[in-house]
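Below you'll find the structure, written out as structure tokens, and then a few comments.
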Amino acid sequence: AQSVAQPEDQVNVAEGNPLTVKCTYSVSGNPYLFWYVQYPNRGLQFLLKYITGDNLVKGSYGFEAEFNKSQTSFHLKKPSALVSDSALYFCAVSEVTDKLIFGTGTRLQVFP
Amino acid sequence: DGGITQSPKYLFRKEGQNVTLSCEQNLNHDAMYWYRQDPGQGLRLIYYSQIVNDFQKGDIAEGYSVSREKKESFPLTVTSAQKNPTAFYLCASSIDHRTQNQPQHFGDGTRLSIL
């Protein structure tokens, strides 16, 4: 069965520093991987996806993610964090159907 | 602008009452989904529909019902059988259920509380 794990409930980072939000997955075949962001009392917004090809995927708002097949990971990264990046981040995986399996979310706090 | 509209934004339910959450999309998407979001649990799939007049149960369908009479609309009814309905409900859509690599688009949610 497909599954996604986000091992950190919260990540704290100072503004201007690089940030990483971790995600690992488990699928039996080739994964389709996604990152979404959620601001308070809003729906999820799509950030980026990995389907195939380059292991480094670039997305919205300066975010990128690195796919690592051997470690079954898809960590979200940004070179320089902004206070406005503070939000809840979800990793998701899709395999044989269009159903997405979501992680439990990681709250990112960026301090000025 | 194309998007997904959920209404109402806040909803209160009395004991023994059924309530219906609205979800409308003008993206011309075939597939639509309902999720429940609870703190610390991520999103859990309630029901999904791949095409008009067809829908399937997700992981937590008990106490909920849906209909898909029009492509644009996928209302969710929270019945009195759902004993713990307090949650944030999110509706989403995607282009085509056969295209697994397309992202889902989300509405801004309905927050349901018990009176």
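The chains referred to below are lettered A, B, ... by the order of the sequence lines, with proteins before strands, and numbering in each begins at 1.
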Proximity breakdown for A:Y36 and chain B, heavy-atom pairs closer than 4.5 Å: side chain
Report which part of B:R44 has an atom under 4.5 Å of a heavy atom belonging to chain A: side chain, backbone, both, or neither. neither
Same cluster or not: are A:F63 and A:L56 linked, directly or through other Ile, Leu, Val, Met, Phe, Trp or Tyr residues, by side-chain heavy atoms under 4.5 angstrom apart? no
Can you get from B:V19 to B:W34 by hopping between Ile, Leu, Val, Met, Phe, Trp and Tyr side chains that sit under 4.5 Å apart? yes
Indicate, with yes or no, if B:L11 and B:V66 share a hydrophobic cluster defined by side-chain heavy-atom contacts under 4.5 Å among Ile, Leu, Val, Met, Phe, Trp and Tyr. yes
Output for pair (A:L100 CG, B:Y48 OH), nearest 0.5 Å, gives 12.0 Å
A:L33 portion near chain B, given a 4.5 angstrom heavy-atom threshold: neither
Spacing of A:F102 atom CZ and B:Q37 atom CD [to the nearest 0.5 Å]: 9.5 Å
Counting only heavy atoms not in B:D54, do more than 12 sit closer than 6.0 Å to its CG atom? yes
If you draw a 6.0 Å radius around CD in B:E15, do more than 12 non-hydrogen atoms from other residues or ligands fall strictly inside? no
Connected via hydrophobic side-chain network under 4.5 Å: B:F74 and B:Y33: no
For the NZ atom on B:K9, are there more than 12 heavy atoms of other groups (residues, nucleotides or ligands in this structure) within a distance under 6.0 Å? yes
Which atoms of A:D9 approach chain B - backbone, side chain, both or neither, heavy atom under 4.5 Å: neither
Among residues 103-111 of chain A, which ones touch chain B with a heavy-atom distance under 4.5 Å? A:G103, A:T104
Summary of disulfide bond (SG atoms under 2.5 Å apart) pairs that have at least one residue in residues 2-91 of chain B, sequence neighbours excluded: B:C23-B:C91
Smallest heavy-atom separation, B:G42 atom then A:F90 atom, equals CA-CE2, 3.7 Å
Counting N and O atoms only, with roles assigned by atom type, does the side chain of B:D108 sit under 3.5 Å from a partner on the main chain of A:R42, one being a donor and the other an acceptor? no
With a 4.5 angstrom heavy-atom cut-off, could you sort out which part of A:Q38 is near chain B: side chain, backbone, both or neither? side chain
Take atom NZ in B:K71; do more than 12 heavy atoms of anything else shown fall under 6.0 Å from it? yes
So CG of A:L44 and CG of B:L43: to nearest 0.5 Å the spacing works out to 5.5 Å
